[in-house]
Amino acid sequence: MIYNVCIYAEFYLILWDNIHIVDAMKILIADAGATKTDWVKLSSGNESSEWSEERYSGVGISPLHHDTDMIEEELRLVRASLGETFDMIHFFGAGIGTPLIAGKMEAILSEMFSSSEIRADSDMAAAASALLGDNPGVACIMGTGSNSCHYDGQVIDRKSASLGYLLDDEGGGVAYSRRLLSDVFKGLAPRDVIDKFEATYSLSISDVVVNLYRRPSPNRWIAGFMPFIVENADNPYIKKLIESQTERFFDREFASYPDKLLKEEGIGFVGSVADVLRPFVEAEMNKRGWRTRAIERQPLDSLVKQYKLKNS
C-alpha cells in the first residue's frame, strides 16, 4: 500500500512539473530601426498568469545593410542580457522587405538563439499592427527614414515603394536634417541659425564629407541633427523648413492612396520624428481633412500588450 502511494505521488509530481513546463513561456520581441534596436523579453511564470518584462536597447540592425558578423556581435550582447532560450522570437526590422532578407535574418537568429519559433518581419508590419490593431487604415513610419503601407486589419495589402535615404525618406529625420545642413553650409540659412549651429557642432565642410562618404551609416549621422531642429522650432526659418518638408512628404508619400480612404480610414504615425513633430503632422492632417488614427513614438509597447493577450 505504501509502495502504491509512493508511485502515485511520484506520478503526480511528474505531471505537475510537466504542467509547469507547459505554462511557463518566454517570448523575445525586437523592434529594429536604422538607429537603434529595442528588445523585450516577456516571461510568464508557473505560479501566476502575470507577465514580467526585461528590456535591452542596442544599435540598429538591418540584414539588408549590415553584414552577418556585425549582427551576430550585437546579438551576443542581447543574449548576455536577456538569455538565449525562448519559446518564440519575433524580430521586426527596417530593410526586411522580401522573403529572402527575412530568411537571412531568421537564419542568423537561429544560430544565436534556441527557439522553436523564429520570425523576421518588416518594421511596417510592426507599425501597422501597433497603430491600427484589427482595423484597416494607413500606417506610416517617420523615424530616421520613412515609409507607409495600407493595412486591411490583418495583413499589409499595399505598400509604398521604399527607396532609401538617397532617393526617398522624405518624412525621416535624414530629410529634415539634410535640408538644414545644406542651407547652413551654403549660407542660405539666416545668420542667427548659422551662428547657433556652428556653436553647437563646430563642423567643417571636410567633417561633413568624411561622415557622408567615409564612415558607416551616413543616414544615422545626418538624422542626428534633428534635436537642433526640434529645439529651435520656434525660429521662423526652422519652422518654415519643418512645415515645407512635412508638406512635401505628405504630397509625395500619400499621393497613391485615395483621398476618401485617408478621410475615412485615416493614417497612424509611428517614430521619433512623428512624435517630436506631432503639432506639424497634426496640422498637415487637419489641413487636408484626413483622419489621424494615432501618433506613437515606438510600436513596441503596443506590440507587447498584444503578445500578452494572445498568449495568456
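We number each residue from 1, following the sequence as shown. All values derive from a computational prediction rather than experimental measurement.
Every salt bridge (charged side-chain N to carboxylate O under 4.0 Å, His left out) that K36 has, sequence neighbours left out, goes to D38. Applying the salt bridge (charged side-chain N to carboxylate O under 4.0 Å, His left out) rule to R158 yields no partners; only residues at least two apart in sequence or on another chain are considered.
Residue A128 comes nearest to C149 through the heavy atom pair CB-SG, 4.2 Å, listed as atom of the first residue, atom of the second, then distance. Across P63 and I96, no two heavy atoms sit closer than the pair CG-CG1, 3.8 Å. Looking at every heavy atom in both residues, I108 comes nearest to L75 through CG2-CD1, 3.7 Å. Shortest non-hydrogen contact noted between G171 and V273 is O-CG1, 3.8 Å. Taking all atoms of both residues into account, the shortest heavy-atom contact from A127 to V270 is CB-CG1, 3.5 Å.
In the hydrophobic clustering of this structure, I222 groups with L277; members are Ile, Leu, Val, Met, Phe, Trp, Tyr whose side-chain heavy atoms approach within less than 4.5 Å, directly or through other members. Hydrophobic clustering (side-chain heavy atoms under 4.5 Å, transitive across Ile, Leu, Val, Met, Phe, Trp, Tyr) keeps L132 apart from Y257. Both L180 and V209 belong to a single network of hydrophobic side chains, linked directly or stepwise wherever heavy atoms of I, L, V, M, F, W or Y lie under 4.5 Å apart. The hydrophobic cluster containing V210 does not contain W221, counting ILVMFWY residues as joined when their side-chain heavy atoms lie under 4.5 angstrom apart, directly or transitively. Under the 4.5 Å side-chain heavy-atom criterion for grouping Ile, Leu, Val, Met, Phe, Trp and Tyr, L309 is not connected to L303 through any hydrophobic cluster.
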> What's the verdict on salt bridge (Lys or Arg N to Asp or Glu O under 4.0 Å) for D301 and R55, showing C-alpha distance, side-chain angles and the deciding distance?
Replying inline: CA-CA 11 Å; D301 289 340; R55 300 198 175 218; 3.0 Å; yes

>> Apply side chain to side chain donor-acceptor pair (under 3.5 Å) to residues D87 and N311 and explain how you reach the verdict.
In response: CA-CA 11 Å; D87 298 281; N311 294 281; over 6 Å; no

> Passes side chain to side chain donor-acceptor pair (under 3.5 Å), E74 versus H66? Steps please.
Replying inline: CA-CA 11 Å; E74 178 62 17; H66 300 138; over 6 Å; no

> Can E84 and R79 be said to form a side-chain contact (heavy atoms from CB on, under 4.5 Å), step by step?
Replying inline: CA-CA 5 Å; E84 58 182 280; R79 194 169 62 183; 3.3 Å; yes

> Given F249 and S148, is the side-chain contact (heavy atoms from CB on, under 4.5 Å) satisfied, shown in steps?
Replying inline: CA-CA 11 Å; F249 171 60; S148 70; over 6 Å; no

>> side-chain contact (heavy atoms from CB on, under 4.5 Å) for M142 and D275? Distances and angles first, verdict last.
In response: CA-CA 8 Å; M142 294 178 69; D275 183 52; over 6 Å; no

>> Let's go through R191 and D195 carefully: what are the C-alpha distance in whole Å and the side-chain angles of both, what is the deciding distance for salt bridge (Lys or Arg N to Asp or Glu O under 4.0 Å) to 0.1 Å, and is it a yes or a no?
In response: CA-CA 6 Å; R191 188 71 250 173; D195 289 344; 2.9 Å; yes

> Do E253 and S160 pass the side chain to side chain donor-acceptor pair (under 3.5 Å) test, and can you show the C-alpha distance, the side-chain angles, and the key distance before you say yes or no?
Replying inline: CA-CA 7 Å; E253 186 64 31; S160 174; 3.0 Å; yes

> Passes side-chain contact (heavy atoms from CB on, under 4.5 Å), Y151 versus L131? Steps please.
Replying inline: CA-CA 10 Å; Y151 180 70; L131 291 166; over 6 Å; no

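The ring pair (Phe, Tyr, Trp, His ring centres under 6.0 Å) pairs that include a residue from residues 274-296 are F254-W290, where partners are two or more places apart or lie in different chains.
Counting only N and O atoms by type, the side chains of S129 and Q306 include a donor and acceptor under 3.5 Å apart. With hydrogens and angles left out, the side-chain atoms of H90 and E117 include no donor and acceptor closer than 3.5 Å. Between the side chains of T246 and Y176, a donor-acceptor pair is found at a separation under 3.5 Å. For D169 and N219, the side-chain atoms include no donor-acceptor pair closer than 3.5 Å. With 3.5 Å as the limit, one finds a donor-acceptor pair spanning the side chains of D207 and S204.
The shortest side-chain heavy-atom distance between I242 and Y237 does not fall under the 4.5 Å cut-off. Two residues are said to be in side-chain contact when any heavy atoms from C-beta on lie closer than 4.5 Å; I141 and F269 fail this criterion. Counting heavy atoms from C-beta on, the side chains of M25 and S43 never come closer than 4.5 Å. A 4.5 Å side-chain heavy-atom check between M88 and K26 finds every atom pair outside the cut-off. Annotation: side chain of V78 is not in contact with side chain of M112 (no heavy-atom distance under 4.5 Å). Residues T292 and V281 have side chains not in contact (no heavy-atom distance under 4.5 Å, counting atoms from C-beta outward). For the pair E282/I295, a side-chain contact is recorded, criterion being any heavy-atom separation below 4.5 Å from C-beta on. Looking at V59 and T37, their side chains never come closer than 4.5 Å, going by heavy atoms from C-beta outward.
A donor-acceptor distance shorter than 3.5 angstrom exists from the side chain of S177 to the backbone of G173, with no hydrogens or angles considered. Checked by atom type and distance alone, the side chain of E106 pairs as donor or acceptor with a backbone atom of A120 at under 3.5 Å. When atom types are taken as modelled, the side chain of S81 and the backbone of L77 share no donor-acceptor pair closer than 3.5 angstrom. Remark: side-chain polar atoms of S217 are not paired, donor with acceptor, to backbone N or O of R220 under 3.5 angstrom. With E170 contributing its side chain and Q245 its backbone, the two residues share no donor-acceptor pair below 3.5 Å. Side-chain atoms of S115 never come within 3.5 Å of backbone atoms of I118 as a donor-acceptor pair (strictly under, hydrogens ignored). Between the side chain of E284 and the main chain of F250, no donor-acceptor pair closer than 3.5 Å is present. Side chain of N232 to backbone of F228: a donor-acceptor contact under 3.5 angstrom is found.
Within the model, atoms OG of S110 and CE of M105 stand 10.0 Å from one another, a figure rounded to the nearest 0.5 Å. In this structure, CZ in F92 is found 8.5 Å from CG in D31, a value given to the nearest 0.5 Å. Atom CE of M70 and atom OG of S62 lie 9.0 Å apart (nearest 0.5 Å). With rounding to the nearest 0.5 angstrom, the CG atom of L181 is 11.5 Å from the CD1 atom of I205. Note that CE of M124 is 5.5 Å distant from CD1 of I156, once rounded to the nearest 0.5 Å. Atom CZ of F113 and atom CG of L28 lie 6.0 Å apart (nearest 0.5 Å).
A salt bridge links K287 with E247: the closest approach of a Lys/Arg side-chain nitrogen to an acidic carboxylate oxygen falls below 4.0 angstrom. Remark: D192 does not engage K196 in a salt bridge, criterion side-chain N to carboxylate O under 4.0 Å. Salt-bridge check for R179 with D183: failed, with every basic side-chain N at 4.0 Å or more from each acidic carboxylate O. A salt bridge links E53 with K308: at least one charged nitrogen is closer than 4.0 Å to a carboxylate oxygen.
Atom CD of E243 has more than 12 neighbouring heavy atoms from other residues, nucleotides or ligands inside a 6.0 Å radius. The 12-atom threshold is not exceeded at CG of D234, counting heavy atoms of other residues, nucleotides or ligands nearer than 6.0 Å.
Here the two rings, on F225 and Y201, have centers that are under 6.0 Å apart.
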